[in-house]
Each structure stands twice: as structure tokens, then as C-alpha cells.
**Student:** 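Here it is, the structure, as C-alpha cells.
Chain letters run A, B, ... following the sequence lines, proteins first, then strands; residues in each count from 1. Just so you know, these numbers come straight off a predicted model, no measurement behind them.
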Amino acid sequence: MSGTASSVQSSVSPVPPSAAGRQLLAELREIVGEEGLLYNADELLVYECDGYVVEKKIPDVVVFPLNTDQVVQVVQACNRHNVPFVPRGAGTSLAGGCLPVGGGVMITLTRMKRILEVNLRDRYAVVEPGLVNVHLTQHLKGTGFHYAPDPSSQGACTIGGNVATNSGGPHTLKYGVTVNHVLGVEVVTAEGEVLELGGAVEDLPGYDLTGLFVGSEGTFGLCTKVIVRLTPDPEAYRTMLGVFETVADATRAISSIIGAGIIPAALELMDQGIVEAVEEAYHFGFPLDAGAVLLIEVDGLEVAVGEEARQIIELCEQEGAREVRRAETPAERQLLWKCRKQAFGAIGRLSPSYCTQDGVVPRTRLPEILEFIAESGSRHGIRIVNVFHAGDGNIHPILLFDERNPEQVQRVMRASDEILTKCIELGGSVTGEHGIGVEKLSFMSQLFTPDSIEVMTRVRQALNSGGLLSPGKMLPTAGACGMEHIERSHPGKQAAS
Amino acid sequence: MSDEASPHNQSASSEATHSAAGTASGGTLAVLPSATGQQPACADGPITAGSGIDYGLFLDCVHCGLCTSACPTYLETGNENDSPRGRIYLMRSVVDGRLDLTESVSRHLDLCLDCRSCETACPSGVQYGRLIEPFRVDMQRIKAAESGKKSSWFQRLVLYGLFPYPRRLKWALLPARLMQWTGIDRLARATGLTKLLPRQLQRMQHLLPQLRQPAAQLPEVLPAKGTRRARVALFTGCVADAMFSQTGAATARVLQANGCEVVVPRTQACCGAIHYHSGAGDPALALARQNLESLLSDDIDAIIVNVAGCGSMLKDYGHMARELAPDDTAQIEQLEQFAAKVRDISEFLSELGPVAPTGSLPLKATYHDACHLCHAQQIRSQPRELLGLIPDLELVPLAESEVCCGAAGSYNLMEPEMSDRLAARKLQHIVDTGAEAVIMGNAGCSLQIQAALRDGNHPIPVLHPVDLLDLSYRGLPLSTITGK
């Protein structure tokens, strides 16, 4: 199985089927039926990339299993034929998490999307991996509970994908990331065995294998069921919009708020460039001349949130806020959040192409990194705008460019790399929530010592010894099928976080 | 390995001259020949599908995928090829020469309902309709060029020969009325006699609602009640006028009750949506001109429509003129003026400030958002607000109310399988609400949902918001309409 990953942008001549390939296809057809199978080039093409469009690779086959048993059989067939396989949900990954690096079989879980059980008294639900994140919360509407992790792509991304990348979202600051909301998973291993990790009961003994599995980016197994924690809806919200003259004032306000012991449910920063784009899209009435706005939300008991909101307004004003507005109605709150959640997509209105970076720095170093981003942008002649989860120091600088200008593209890549390297220098990391995927592979050796990488590699070998499952992901040394590293030719346009 | 020559191999080499980017193939494993046996539809023809589309419209899509879960067909199949992002990728790949317009590519594009829910979901403002509509028009042309026929018998006879003409439609419905009156229709259904009809006619017969007594033809001018607040022209449409003329009459009465003088010009025509969407540009433009002559005059404050599909077509006249006859600036200007005056009935009443209805209608009802209201015209709150004015009417939320019911113009007739799946999905949600009536502002949805309710043995009436408003203004009970 040679797995040269070639860019499909260049001319690719069709390779006739091998006898082994036909045999595998026949076996897959036996498992999922003709309607659960794609194998013609004109239907496979759309699976060559996800939300990360820089690197592309067409899978050889796409299968749509309907249940755990079919997943097991597909995985076993791949093992028999020594063919790589990779799971995919909605394909909203921004780091190429769904890229079928070695070609082979793509196991698309979008037809496994049932809600199997909702247990409000014990506060958990059991769902299939292909369920769209927001569909769970919609299903729970009126029960007084919701599913807390709310990545900006929650309207489309799947819970299985959230488990694979340990997704965050604006409400991460107070409620934690996906791993804090997954009680257990049913996993089909790389060899096709079914494991049940964790469970609906809290505080299980033994190794925390659920914790190990969440965020493994599909390299330890495919999850086929997820037991998620349900979170009670807060009794009350206060959502505010702080308007600041400069980004520096806004970041100081963030530190003051956290320093005062308040943990907002969300604390999001948008700079002038991004405000311009969302204002054009949604007409909320954002001030176009402000250097930055902070979207701040506190939630909890009615008696508490009023006092917290009062303190926040005071702190913002102390740090030089021009004004602090409050969302007066649920509709206003919803619109504010829509502006924030769809900010990335709205960038399409500013520039023909853009590249979203995902880095983390300690909260107190935010002013430094933002200054560095601005400086790097002007040095490389690239316009960079910012919208990010300020509360936990997770930055998303968005580099604007025109992909038809190759020289500009090179400058964008240099600026991106500089910014991420600076994040590491400041004691942070190169991804807050998008994951390593294939995009950030080259940073792993900067992030971790050789010993750490060696340990991670050993864990991976223990769970995915053949390397057939999700080759070329997460670890620079990963994959046992002689995968060549895919060269990045140009940054792509990306959206949503 | 290559013991069988794949047809695609041959076509790929012959095509290399005009396809610089190279045609996509399977991955390294190459399980099967690519694009098996399907001839490129436009290999030698003069038309490359989508080549006339402004390429910038493709570039607006940043491939984020936020549209996928808003797409009814993707919700059903989970296949990226059946999602908006996937369809844009397919179309762009055909334009780029990476893919041929194979049968399978055409299938996935045909399966699009053109419901525009992806446009609502898209944060980048991708104008999906501006991509899929011209692309499908090209597909039709290519198909016609291949088969040597301009259109199918069905399109010629039914879509072009019958639909645009309300009078012909009424005559055509006469046998159906007679059959329903005598009960022969049920007998024919029960005995399977209807199966002798061609498939698409069977579908049409199946869609026919229990036809209400047709309303008397509206006079050409109806006076305002009380002080005149506006003078409006009422667009009556073709299918709606033939099948739901009572709703047309109710619309006129509701407008009168709100102080509007209503003119109903007899010379008006079909909106042309069926023609335009099936690629028949010239007849569509001719119908637009006829409506312009008939409905627009300086002393008219608004042109009122009660069918979402027609309304969004009328509002699109300016763009259509720009697209089909870009050099005729006078025509573009006139049709833009026309389009600017078009209002859905709920939109208009909401802007005017509705007179509060007083008649009680104790009823638990739910509201379905027609795609051409909520996505194409962004009208969501107005109908709900109007219904909220009716004393004792309780409006309960409908899950997935903005997901297409599968009617989608002639989609029900052309794509029966997906249409039925979406109807079943809608039916389940309606039944789950426990509502005694379901309300919507589009004739196509009404036909589709009535048929689904009838098949599922759920005697839940399907009503238009103005049906209920009219009853409330007149102080009449629901049984006036339902007969129960």
C-alpha cells in the first residue's frame, strides 16, 4: 500500500482498479449495501477536503455505516486488505482532520445520528457520533438542560467530530471543553473490536481512558456512541458589549475581569476589522470606529448575575471603555451571538481568501501577542483581523489575502508560522481547539520534547499498531505505511472555529 | 491491473485539450474506474455547464460547511454530494474542467430543492440560487441538445401548456372535481386504476386536494372598508387561483377590512417561475412583461401576493431581466420598479399596521415556514404576528419548521422519492405538535402537506393565514371552511 499524497489540483490520471480493490469493494458492498457506498470519482471528489482546503486527497471509497456492527465489519475488512481508513463527520475541521492522507476508505458517520437516550434525572444523554451538535440542544429545548460545548460551527459539526478534536467554543471559559462533558464512549478500535470506555456513572475507577480517547483526532479508534453530560440551563443571563478605543484597553479589561474573580460564561474579543464584516452581514449596530469590542456574558442565578454585570461594567469603564451596552431582550442576545459565531464566515465579505490561525497564549500575554500579530502583519504587508475567545487566551488571527497572488500567499504563510512560533515562545500552543490534523504537524516537535513525542507514539502504537487508522495525523512520525508528508503549497480559505 | 479499458480513460485523453486542471480520479487505491461509463455530456457541444456564471460567486464559498445541516436533502442522505457545499464543489469542478457533467453529477444537482435554506445559513453571503439556477438551465439545454428534443411531453403539455393559464387549469380540474364529488376518485385510488396514468400525472392526481367550491370570480375593483389607507393590486396566480380561489377571495376581503381598495386586473398572467426555473427564459420574460402591463400603475401602493413561490419570483423580476436581457435597460428599470412594489400579504399587512380582528377562533394550530417565504423573502415573524392577533388561536412551535416539505415547485413531480421522504419528515413533526390545524403561506406546500396528511389518515386541515384572519374579521367559525 503506497500512500503518496498528491495534490489533486495537478493532473491525475485515472488508475484502473486492482483485483484486491475490487474484492474489498465487494466486501464493503456486502456490509453497507450499494446505497451506503460511493466509489466513482465524480462522487468522491467532494470528500477530498474539509473546512481546511489547503491540502487535498480523494479517498478511494466512502462508506456510510448505519450502526456499530457495520463500522466493526468495515474496519475488519480494511484490516484484512491492509487498507488505510479514516473517520469523517460533517467535515468542518479547520486543520484537515478528515483528510484521507493515505487514500483508502473514508468512514462517514453522518447516517449514525440518533439520540438513543435522554436521562434528565441522571443528567446524561446517549447519542450517535453523526448527530449535529446543535440538534441535541434543540432536542433538549424545554427540558431545562442543554449540551454545553458550543463550537462556533455547532450548527453543522457533529458530536463525534467534537469528541475527536475535543472541541471548545465561546462557553469553554466557564463550562470547559468537550472532554469535561463526555462521560463515556463506545469505540471501535483500529482492529475492529468494540470497547466501552467510561459510563454514565461518575467517578469510575481505573485509567481515564475516556479522557485519553477524547481529542485523539481519530487516531485511537472510531467512536460509535457518546454518553454526554447534560448541563442545566442557567436561570439568568446578562450579555454585554464593551466598546474600546484600542485592542490594548480591551485586553486589559479582560485581565481585570478575571482578576476580580468573575468567571464569565463567555468573553470574546472582536477587533475593528472583524466588526466591519459582521456589521455588514448582520446590522447589529456595532460602532465601526472602535478599536475593539468585547462580548461578555455572565450566567447563573438571577440574584448573582446582576451584581456581576454591574462589576464588569465598572471594570470595563475603569480600563477606558467608551461605553458598555447590554442586550435588553433575548432576541438582542441571540443576534449578538450570531454575529460572533458566524464572524469567520462573514470574512468572505472582506477578502477573497483568508487563513484562520488558532493559537493559545496565557491570558496575561494577550497584549504582547496581539501587538506581535499587528507588527507581523505590517511587516509582511498582510491585513490581519482578530476575533477570538479572549477569556482563555485562544487567539484566532485571520490573515486576509488573494489566493490568486502566489507571492502574497507566501507572505501569509510566513506570517502565520511566525505568529504560531511566537505563541509557543510566550508559553502557549499552536492550537486551542482546531486540532493538529495535518495542518500543524510540523509544529509538534517545537511543542513537545522528543521524549514526550516518543511516549505519545508508544500510546498510539498500543492502540493503532498497524497504523492503518487515520495515518499521517497528529504525530509527525505517525503512520506505518510510508506516508510522505504533504507539502503545504498555499494557505486556504477557512471559516468558523 | 488494467485489463479492462475504462471508458473514462478514453474520454480523459480526448478531453485533455480543454481541461487544463485535469480530471479527478479515484485515489491511489483506485478501487474502481472513475466516472464509470458515463459519457461527458458536453464533450463536443458548444455549452459547458456553468461557464456563463460569474466565477466570483463560486469564490464566495469558503468551504466552511455551516450550510450542510440546513439542507433538507443532506439531512436525509448525509451525503456531501447532496449538500450545498458539495453541490457548489461539483458545479465549480465542472466549470474548472476537473469533472465532467456525468449522470451522477446531474443527479445530485437535480436533487437540490432550490429552497435556499443554505443561503439563510451561510455566513459568507454565498448566493447559491445564482449558481444552481443558471447551472441547471445549462444542464437542461445540454440534455435537450443531446436528445434533439426541446423538452419532455410533460413539460410541453403540463408546465407550459396548462400551468400558466388559470382558465385552462380550471377546466382541467373539472373532471377531478366531478370525480371527487361522485367519490370515483377514491374508488380509482382504491382499485389502483390511477396507476394506469403516466407516473407524473399519477403524482399530480395524488397531490390534488379536496377541492373547495371555487369562489366566484373577483370583481376588478373592490372598495376599501372604512377610510381608504392604500390602493393595491392583487396577484391571483395560476395554480393557486384554480385550486385555492377561496383563499384568493379571503385575501381580498382581508385587504378590504384593512382599508385597502383592491384592484384585480383580469389581464394578469402566471408569474413565470416554473418556466424560469426550468430554463425557459423567453416565456418567463414575456409573462413578466404581461404582469408589468397589467398590475403596475402609478396609483398602486403595492402588488399583493398570497403565494410565497409566486411572490419571490415577482420580487426577482428585476434580476431576471438583468440576466436574460442585459442590454434592455428600460425593461430592467421597469421590472425593478415592479419588483419593488411586490409584497407578500403578511409582509404588507405588517407594514401597514393590521386592524385587529375580533372574532374568536379557539384552535391549537402550528405554522410551517414555506421556503420561498422564510429563505427567499426572509419573512418569518409577520405571519406569526398576524395569527397572534386572532383571539383564542394558540400557535404552537413546529420542529424543523424551516425545513422544506418537498413540494418545491415541480420537484414533487420530478423527484418523487426525495419529495416523499421530506413530506414524511414534515408530517411526523406536524403530528408531534398535536395541532388541530397547520398554517402556511404557499400553495405548493399546501398541496404537498395536504396529500401527506391524507395519506397518513390525519384529518388536520391545511390553511393559509388569511383564511383564518378572514374568518376572524367576519366573526365566522372554522367550520365555515372545514365543514366540520
**Student:** I'd like to know if Asp138(B) and Arg136(B) make a salt bridge, using a cut-off of under 4.0 Å between side-chain N and carboxylate O.
**Tutor:** no
**Student:** How about His429(B) and His368(B): are their ring centroids closer than 6.0 Å?
**Tutor:** no
**Student:** Please flag which part of Lys141(A) lies under 4.5 Å from any non-hydrogen atom of chain B: side chain, backbone, both or neither.
**Tutor:** neither
**Student:** Could you look at Leu38(A) and say if it's the side chain, the backbone, both or neither that has a heavy atom under 4.5 Å from chain B?
**Tutor:** side chain
**Student:** Report yes or no: do Thr165(A) and Ser167(A) form a side-chain donor-acceptor pair below 3.5 Å?
**Tutor:** yes
**Student:** To the nearest 0.5 Å, how far apart are CG in Asp60(A) and NZ in Lys57(A)?
**Tutor:** 7.0 Å
**Student:** Heavy-atom distances under 4.5 Å only: say whether Leu75(B) touches chain A with side chain, backbone, both or neither.
**Tutor:** both
**Student:** Using a cut-off of under 4.5 Å for heavy-atom pairs, which of His139(A), Arg88(A), Gln23(A) has the most such pairs with chain B?
**Tutor:** Arg88(A)
**Student:** Kindly indicate whether the side chain of Pro65(A), heavy atoms from C-beta on, has any atom under 4.5 Å from the side chain of Val63(A).
**Tutor:** yes
**Student:** Which bit of Thr77(B) is near chain A, if near means a heavy-atom gap under 4.5 Å: side chain, backbone, both or neither?
**Tutor:** both
**Student:** Quick one: do Arg421(B) and Glu76(B) make a salt bridge, cutoff under 4.0 Å?
**Tutor:** yes
**Student:** Would you mind checking which part of Cys157(A) comes under 4.5 Å of any heavy atom in chain B, side chain (CB onward), backbone (N, CA, C, O), both or neither?
**Tutor:** neither
**Student:** Answer with side chain, backbone, both or neither: which region of Arg85(B) has an atom nearer than 4.5 Å to a non-hydrogen atom of chain A?
**Tutor:** side chain
**Student:** By a 4.5 Å heavy-atom criterion (distance strictly below it), what part of Ala70(B) contacts chain A: side chain, backbone, both, or neither?
**Tutor:** neither
